[in-house]
Engineer: 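This is the structure, below, for whatever I ask next.
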Amino acid sequence: AQTVTQSQPEMSVQEAETVTLSCTYDTSESDYYLFWYKQPPSRQMILVIRQEAYKQQNATENRFSVNFQKAAKSFSLKISDSQLGDAAMYFCAYRTYSGAGSYQLTFGKGTKLSVIP
Amino acid sequence: GAGVSQSPSNKVTEKGKDVELRCDPISGHTALYWYRQSLGQGLEFLIYFQGNSAPDKSGLPSDRFSAERTGGSVSTLTIQRTQQEDSAVYLCASSLRSKVAEQFFGPGTRLTVL
């Protein structure tokens, strides 16, 4: 079974600074996707960034970028120029074909990010 | 267009009662997922629908949990004889049926069992 580990339950960052959230995963699959989701207090899960395992190039979305190390099974999220609105729970998630047509997500436990003004 | 909606937003019930949680997916999304988010277990997959059928129910924790989907749209998750350990946020997500499709989440239903 696939597992996703986020070793940092809580992190904090000064506004405008850069922070990196860690994620490791365990899988024997070769074809999969990795995601970072943001969950603010409203509970709405918002997709931040995604990475296809077959792509060597690291994904980037504006201030958000990932460091994908496939051999090490590591998938960290870097947030640059942190803003107050970035404060939220961040979940790392893994997705592969689970059979019966399902592409269910497996989530890490989450990292609570605080942004200090 | 409208996103995924869930109702009620919050539900408080007494132990032993039955509850129904509703999910309205994005129109045209044939795939629908239920997840449970609890303090002790994090986010866990419960059940997957493709159209009206549920080919993957592997995440349902007990036979007190059931779900259905009608018209390829609205889904209802039913918990019978609720227990305190059922207290959690229940999230619904929908997507197109595709390997690359993004799952869009609803705001969840917070269930509290007293």
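Below, each value reflects all heavy atoms present in this structure, side chains not excepted, and no hydrogens, waters or symmetry copies. First the proteins, then the strands, lettered A, B, ... as listed; each starts at 1. Quick caveat, the model's predicted, so the values are computed rather than measured.
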Engineer: Same cluster or not: are B:Phe49 and B:Leu91 linked, directly or through other Ile, Leu, Val, Met, Phe, Trp or Tyr residues, by side-chain heavy atoms under 4.5 angstrom apart?
Structural biologist: no
Engineer: Do B:Leu32 and B:Ile47 sit in one hydrophobic cluster, given that two such residues count as connected whenever their side-chain heavy atoms are within less than 4.5 Å of each other, even indirectly?
Structural biologist: yes
Engineer: Determine whether more than 12 heavy atoms belonging to other residues, nucleotides or ligands lie under 6.0 Å from atom CG of B:Leu114.
Structural biologist: yes
Engineer: Looking at B:Glu44, B:Gln50, B:Glu102, which one has more heavy-atom pairs under 4.5 Å with chain A than the rest?
Structural biologist: B:Glu102
Engineer: Measure B:Ser53 against the heavy atoms of chain A and call it side chain, backbone, both or neither at under 4.5 Å.
Structural biologist: neither
Engineer: Relative to chain A, which of B:Ala31, B:Ala101, B:Ser95 shows the most heavy atom pairs under 4.5 Å?
Structural biologist: B:Ala101
Engineer: Tell me, for A:Ile46 versus chain B, whether the close heavy atoms (under 4.5 Å) come from the side chain, the backbone, both or neither.
Structural biologist: neither
Engineer: Check whether A:Val48 and A:Leu21 end up in the same hydrophobic cluster, where Ile, Leu, Val, Met, Phe, Trp and Tyr are linked by side-chain heavy atoms less than 4.5 Å apart.
Structural biologist: yes
Engineer: Hydrophobic clustering (ILVMFWY, side-chain heavy atoms < 4.5 Å, transitive) - are B:Leu43 and B:Trp34 grouped together?
Structural biologist: no
Engineer: Measuring from atom CG of B:Asp24 to atom OG1 of B:Thr76, what distance do you get when rounded to the nearest 0.5 angstrom?
Structural biologist: 9.0 Å
Engineer: For residues 71-84 of chain A, give me every residue with a non-hydrogen atom less than 4.5 Å from any non-hydrogen atom of chain B.
Structural biologist: none
Engineer: For the OG1 atom of B:Thr78 and the CZ atom of B:Phe65, what is their distance to the nearest 0.5 Å?
Structural biologist: 10.5 Å
Engineer: For B:Phe105, is it the side chain, the backbone, both or neither that has a heavy atom under 4.5 Å from a heavy atom of chain A?
Structural biologist: both
Engineer: Relative to chain A, which segment of B:Tyr35 carries a heavy atom at a distance below 4.5 Å: side chain, backbone, both, or neither?
Structural biologist: side chain
Engineer: Please classify the contact between A:Glu52 and chain B as side chain, backbone, both or neither, with a heavy-atom cut-off of under 4.5 Å.
Structural biologist: neither
Engineer: Please look at A:Phe35 and chain B and tell me whether the side chain, the backbone, both or neither of the residue comes under 4.5 angstrom of a heavy atom of that chain.
Structural biologist: neither
Engineer: Using non-hydrogen atoms and a 4.5 Å limit, figure out which bit of B:Thr109 sits close to chain A: side chain, backbone, both or neither.
Structural biologist: backbone
Engineer: Should the ring pair A:Tyr32 and A:Phe68 be called parallel, tilted or perpendicular, given that the plane angle runs from 0 to 90° and is split at 30 and 60?
Structural biologist: perpendicular
Engineer: Need one label for A:Ser42: side chain, backbone, both or neither, based on atoms under 4.5 Å from any heavy atom in chain B.
Structural biologist: backbone
Engineer: Could you check whether A:Thr27 and A:Glu29, counting side-chain N and O atoms only, form a donor-acceptor pair closer than 3.5 Å?
Structural biologist: no
Engineer: Do other residues, nucleotides or ligands put more than 12 heavy atoms under 6.0 Å from the CZ atom of A:Arg63?
Structural biologist: yes
Engineer: Taking atom types as modelled, is there a side-chain donor on A:Tyr103 or A:Tyr33 under 3.5 Å from an acceptor on the other?
Structural biologist: no
